[in-house]
Protein chains: 2
Amino acid sequence: MKLSTKGKYGLYAMFYLAQHAGNGPQPLKSVAEIGVPEDYLEQLLGNLRRAGLVTTVRGAQGGYQLAKEPQAITVGDIIDATEGPLSISECLSDEGSCHRAGQCKTRRVWEYLSNSINDLLQSISLQDMLEQEQFGITKES
Amino acid sequence: MKLSTKGKYGLYAMFYLAQHAGNGPQPLKSVAEIGVPEDYLEQLLGNLRRAGLVTTVRGAQGGYQLAKEPQAITVGDIIDATEGPLSISECLSDEGSCHRAGQCKTRRVWEYLSNSINDLLQSISLQDMLEQEQFGITKES
DNA sequence: TCATACCCGACTATTCTTGTCAACATTAGC
DNA sequence: GCTAATGTTGACAAGAATAGTCGGGTATGA
């Protein structure tokens with residue numbers, strides 16, 4: 001179980017935009033300095049735009065900027081937008097794939113895990129990241 | 001971010017073994033009745049054996065059984081054994097892939113998420129699953 | 001010794017990931 | 001209006017991962 005680079009890059013990009021909020025639209029070239037291929041990043045920002053997390057200004061001097069305040073955007077929003085909704089098990093989305101009653105006892109586990117992880121992701125906002133220390137990290141590595 | 005079938009099938013199989021604990025070794029054929037191809041399941045049970053979660057008896061009347069009590073085996077153990085350790089981001093395992101200081105602020109997020117999810121997975125045992133209702137599910141779907 | 005069962009490694013088809021590329025649409029500024 | 005800067009879109013492709021499949025072992029109870 002791991003995140004693909006889409007979610008990771010998406011968070012990088014959104015964090016970059018959060019850091020530059022208020023400075024006008026940031027062109028793709030600038031955002032790509034976080035270390036992501038431009039052509040690939042473009043796709044991800046497209047998804048983030050369609051999800052309503054960033055707005056764009058086309059043409060010269062255009063670029064990308066956050067569509068909302070940093071505290072109104074969560075890590076979960078970003079991962080949803082870039083990776084698609086996380087589904088621990090397709091049992092949860094596809095009804096009918098649990099063809100045996102015995103197996104369905106495990107379904108409740110997926111349900112519980114899925115809900116818990118979603119809550120977790122929704123509990124961290126870009127603002128929290130800007131402020132650091134805000135989301136429960138206490139132990140030193 | 002999703003689990004592969006390995007983790008899912010692994011949990012099915014382990015839950016099956018938990019349900020039949022005390023009835024002697026369960027042959028692969030029986031376990032496969034949960035709806036997993038025998039040849040594939042064999043690989044997964046091999047991983048579970050190497051992880052010390054099941055023991056096997058070879059030869060006629062042989063089969064697989066839990067290596068420990070159901071309360072001593074967690075969903076996290078099973079997923080680790082079948083899917084390999086979950087790594088949200090390779091930033092956490094591979095040092096040096098965070099090549100920019102700016103990006104590394106997001107690293108703490110992965111760290112936090114990773115720890116939280118691991119704790120979550122470790123908090124559910126097979127015994128909890130046998131007893132149902134035991135691992136925090138309260139809301140009706 | 002034979003049937004039952006686990007053990008192991010190689011092989012493969014399909015899908016997903018991670019980009020790359022080319023053509024197009026929009027707009028600011030001269 | 002022209003041009004350069006910029007976002008938009010969809011097609012394409014190499015490589016890796018997933019989800020099995022297969023063929024031959026080895027151990028053991030009857």
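Because only heavy atoms are used, hydrogens play no part in the values below, and waters and symmetry mates are left out as well, while side chains stay in. Lettering of chains follows the sequences in order, A, B, ..., and the numbering in each one begins at 1. The model shown is predicted, which means the values in this text are computed figures rather than measured ones.
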Under-3.5 Å donor-acceptor pair between A:E83 side chain and C:dT17 base: no
Judged by each residue's nearest nucleotide on DNA chain D, which is more toward the 5′ side, B:S4 or A:G63? A:G63
B:L44 CG to D:dT21 P, in whole Å, measures 12 Å
With respect to the phosphate group of D:dA19, does any side-chain polar atom (N or O) of B:Y9 fall under 4.0 Å of OP1 or OP2? no
Any donor-acceptor N/O pair under 3.5 Å between D:dT6 base and A:R58 side chain: no
B:L41 CG to C:dC8 C1', in whole Å, measures 15 Å
Under the criterion side chain to side chain contact (heavy atoms under 4.5 Å, CB included), which of A:L48, A:T5, A:L45 is the partner of A:T82? A:L48
Value in whole Å for how far the C1' atom of D:dA30 lies from CD of B:Q61: 8 Å
For A:R58, does its backbone N or O pair with a side-chain atom of A:T56 as donor and acceptor, under 3.5 Å? no
Give A:E38 one of three labels, base, sugar-phosphate or nothing, depending on what nucleic acid heavy atoms sit under 4.0 Å from its own. nothing
Between C1' on C:dT18 and CG on A:N47, what's the gap in Å once rounded to a whole number? 14 Å
Is there a side-chain contact between A:R49 and the phosphate of D:dG7, meaning an N or O under 4.0 Å from OP1 or OP2? no
OP1 or OP2 of C:dC7 less than 4.0 angstrom from a side-chain nitrogen or oxygen of B:Y64, does that happen here? yes
Whether the side chain of B:E42 and the base of C:dC6 hold a donor-acceptor pair under 3.5 Å is what I'd like checked. no
Side chain of B:D39, heavy atoms from C-beta onward: which of C:dC21, D:dT21, C:dA5 has the nearest atom to it? D:dT21
B:Q43 CD to C:dA5 P: how many Å, rounded? 20 Å
Please state how far atom CG in B:L45 lies from atom P in C:dC7, giving the value in whole angstrom units. 9 Å
Regarding the side chain of A:P37, the nearest nucleotide among C:dT20, C:dC7, D:dG7 is C:dT20
Rounded interatomic separation in angstrom, taking CD from B:Q26 and P from C:dA5: 11 Å
Under 4.0 Å, counting only non-hydrogen atoms across every strand here, what does A:G62 touch: a base, just sugar-phosphate, or nothing? sugar-phosphate
Could you give the distance from CD1 (B:I78) to CD1 (B:I124), rounded to the nearest 0.5 Å? 10.5 Å
Are A:D77 and A:Q122 packed together at the side-chain level, in the sense that at least one heavy-atom pair is separated by less than 4.5 angstrom? yes
Main chain of B:G24, side chain of B:Q26: is a donor-acceptor contact present, judged purely on distance under 3.5 Å? yes
Which whole-number value in Å describes the distance from B:L28 CG to C:dC8 P? 14 Å
Could you tell me whether A:K6 contacts a base, only the sugar-phosphate backbone, or nothing, with contacts defined as non-hydrogen atoms closer than 4.0 Å? base
Would you say A:R50 reaches D:dG7's phosphate, i.e. side-chain N/O to OP1/OP2 under 4.0 Å? no
When you measure from the side-chain N and O atoms of B:T56 to the phosphate of C:dC6, is any distance below 4.0 Å, counting only OP1 and OP2? no
Pick the nucleotide of DNA chain C nearest each of A:A60 and A:Y40; which residue has the one closer to the 5' end? A:Y40
Mind checking whether B:H20 and B:N23 have side chains closer than 4.5 Å, heavy atoms only? yes
